[in-house]
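Contents: one structure, followed by commentary.
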Amino acid sequence: MDALVGTSTTSHTRLTAVDSSPGRLCQTPSSCKARCWQRSRVSKGIACEPGPCEPGLPGSGVSARREEEERLRNKIRADHEKALEEAKEKLKKSREEIRAEIQTEKNKVAQDIKTKEKKPLPPVSIPKLIGISGGDPEDTDIRKKRDKIKEMMKYAWDNYRLYGWGHNELRPIAKKGHSTNIFGSSQMGATIVDALDTLYIMGLHDEFRDGQKWVEDNLDFSVNSEVSVFEVNIRFIGGLLAAYYLSEEEIFKVKAVQLAEKLLPAFNTPTGIPWAMVNLKSGVGRNWGWASAGSSILAEFGTLHMEFVHLSYLTGDPVYYKKVMHIRKLLQKMDRPNGLYPNYLNPRTGRWGQYHTSVGGLGDSFYEYLLKAWLMSDKSDHEARKMYDDAIEAIEKHLIKKSRGGLTFIGEWKNGHLEKKMGHLACFAGGMFALGADGSRDKAGHYLELGAEIARTCHESYDRTALKLGPESFKFDGAVEAVAVRQAEKYYILRPEVIETYWYLWRFTHDPRYRQWGWEATLAIEKYCRVSGGFSGVKDVYSSTPAHDDVQQSFFLAETLKYLYLLFSSDDLLPLDHWVFNTEAHPLPVLHLANTTLSGNPAVR
């Protein structure tokens with residue numbers, strides 16, 4: 001649907017007599033001219049036509065204008081005199097009395113805001129939720145491994161609780177809070193929100209309740225802080241929605257909606273493609289300075305669909321759905337070089353930026369969300385499925401290659417040629433290909449096999465290091481295969497993508513190698529990343545005595561440990577025909593509706 005454009009409420013005193021309202025037609029040239037002037041403030045080039053006037057005003061409008069101008073002058077004079085009297089009275093009061101009055105006004109405004117925020121959302125029927133707990137494996141050895149992963153989660157959480165509570169992340173060696181510019185300057189408790197559903201799924205209910213209480217008492221979005229729209233959406237809105245669906249605690253839904261309202265001003269661009277950053281208080285948006293001449297990034301504006309559809313479902317407000325569908329419609333109209341989506345799009349001009357295509361950073365989750373939009377709609381969003389199939393076909397044709405050593409990898413298209421480098425972030429694609437195999441134009445077996453080949457390549461990137469942990473990116477040049485070359489690419493920051501792919505391949509094949517590979521990664525994380533105050537990333541996976549980066553990332557609790565736990569759980573825990581995971585591993589239920597435009601709210605139906 002087209003957005004409704006509101007006109008300015010500012011009026012011009014000389015136009016009052018010819019303001020359009022029901023009545024007889026004005027026929028005089030002067031009133032016609034005034035009418036065109038008034039309209040042109042909203043829309044240029046509207047033809048001048050006679051229109052209705054205020055009833056009882058003469059068609060010439062001359063005497064009426066004079067009377068109106070005199071009335072306004074008298075009102076201004078009276079208001080001015082009243083303001084002077086109030087100022088005189090104010091000056092008679094003491095400084096303490098004035099301060100008390102100001103504080104009373106502030107308290108009233110704060111209370112009004114709080115009352116508005118606590119306004120209950122309309123009742124919504126929650127989809128039937130299956131598999132939100134349990135998943136106990138029958139095999140004793142598998143159960144012990146799962147228990148170990150649960151202990152690691154508790155260790156990470158307890159140390160954050162002790163040393164970084166309320167901060168966005170933890171510095172586990174320095175034993176203090178940590179944050180980055182994606183969360184702005186405020187302490188928004190990113191680790192708490194990101195970890196909630198993992199705690200719930202693992203049965204750590206005391207810890208979950210601690211997190212819930214912090215959210216209820218402290219999570220505040222009315223702060224003067226500039227945040228990443230993408231990161232806040234996938235971590236905070238995704239985390240809050242998942243916590244709501246799992247626990248049915250209303251506070252999580254309320255907070256998710258409050259935050260979503262704060263993100264909406266980011267869409268106020270000439271094209272409707274959102275800015276990368278938005279100030280939660282002022283609503284002012286901007287893009288990263290390094291992103292191709294002020295462009296927005298494909299993986300950022302293309303990774304909003306799941307959360308925003310659920311927001312419309314839960315609130316009955318179609319605005320969220322409309323925002324993401326507008327992005328989709330715009331992308332469908334655009335030409336794509338070689339069928340590929342470039343990573344950069346200018347939100348002012350609606351044109352592609354630099355022709356750089358990647359299934360790793362900058363592009364990755366855009367493709368993931370096309371597939372998951374289809375899955376989340378109970379496979380009824382055929383438009384999303386077609387966009388996914390077309391995109392994957394172009395990716396396979398231009399980006400996916402096999403190395404001399406027989407490893408399948410996904411390169412990056414830059415400046416008209418293929419760069420034979422694959423990032424850790426791109427390793428998620430093995431799981432995506434497996435997840436999308438069913439329904440892929442009679443090529444299910446092919447895509448399941450392709451997913452397995454990507455999983456093998458990414459496992460090799462782990463296996464060829466001293467720590468058995470994968471580097472940030474790795475090359476396939478000549479004799480070098482699945483190995484990082486530059487020092488700046490040798491770090492591991494507790495990333496989940498390889499383990500994510502192991503889990504999806506395990507679910508679809510039950511091949512024991514995926515659990516074996518997952519356990520290898522678990523032991524390596526335990527041995528090299530566990531420190532006195534939590535878990536830390538390492539700076540060089542090829543060094544047997546690595547230095548730590550001293551950051552416990554929030555996604556370690558949200559994704560890495562959750563995927564490991566699910567890998568060693570039975571399939572009845574969060575079954576994939578009922579749940580779809582957002583790109584931060586937050587599970588959202590499939591909406592069993594005719595299509596995603598419908599809301600669970602009866603009022604919208």
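- With hydrogens and angles ignored, the 3.5 Å screen pairs a side-chain donor or acceptor of Asn343 with a backbone N or O of His356.
- Side-chain atoms of His424 never come within 3.5 Å of backbone atoms of Tyr492 as a donor-acceptor pair (strictly under, hydrogens ignored).
- Applying the disulfide bond (SG atoms under 2.5 Å apart) definition to pairs two or more places apart or across chains, none involves residues 364-413.
- No donor-acceptor pair under 3.5 Å is formed between the side chain of Ser295 and the backbone N or O of Tyr344.
- Counting only residues at least two apart or on different chains, the disulfide bond (SG atoms under 2.5 Å apart) pairs with a member in residues 449-530 are Cys427-Cys458.
- A salt bridge does not link Glu138 with Arg143: none of the charged nitrogens is closer than 4.0 Å to a carboxylate oxygen.
- Using a distance-only test at 3.5 Å, with no hydrogens or angles considered, a donor-acceptor pair links the side chain of Asn287 to the main chain of Ala276.
- Here Asp197 pairs with Lys562 in a salt bridge; the nearest charged N to carboxylate O distance falls below 4.0 Å.
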Please step through salt bridge (charged side-chain N to carboxylate O under 4.0 Å, His left out) for the pair Asp136 and Arg146, ending with a clear verdict.
CA-CA 9 Å; Asp136 298 323; Arg146 191 174 84 143; 2.4 Å; yes

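- Residue Arg441 places its CZ atom among more than 12 non-hydrogen atoms of other residues, nucleotides or ligands, all under 6.0 Å distant.
- Salt-bridge formation is detected for the pair Glu383/Lys329: a Lys NZ or Arg NE/NH1/NH2 atom is positioned less than 4.0 Å from an Asp or Glu carboxylate oxygen.
- In this structure, the side chain of Arg464 does not engage the main chain of Ala484 through any donor-acceptor pair within 3.5 Å.
- For the pair Glu489 and Lys421, the salt-bridge criterion is met [side-chain N within less than 4.0 Å of a carboxylate O].
- One N or O on the side chain of Glu481 and one on the backbone of Gly405 form a donor-acceptor pair closer than 3.5 Å.
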Run the numbers on Asp438 and Lys379 for salt bridge (charged side-chain N to carboxylate O under 4.0 Å, His left out), then give the verdict.
CA-CA 11 Å; Asp438 181 29; Lys379 301 181 180 179; 3.1 Å; yes

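- Thr303 places no side-chain N or O within donor-acceptor distance of the main-chain N or O of Glu300, the cut-off being under 3.5 Å.
- A side-chain donor-acceptor contact under 3.5 Å links Ser296 to the backbone of Pro274.
- A donor-acceptor pair shorter than 3.5 Å cannot be found between the side chains of Ser554 and Thr191.
- Using modelled atom types, no side-chain atom of Glu412 and backbone atom of Glu419 make a donor-acceptor pair closer than 3.5 Å.
- Judged purely by distance below 3.5 Å, without hydrogens or angles, the side chains of Asp549 and Ser536 pair a donor atom with an acceptor atom.
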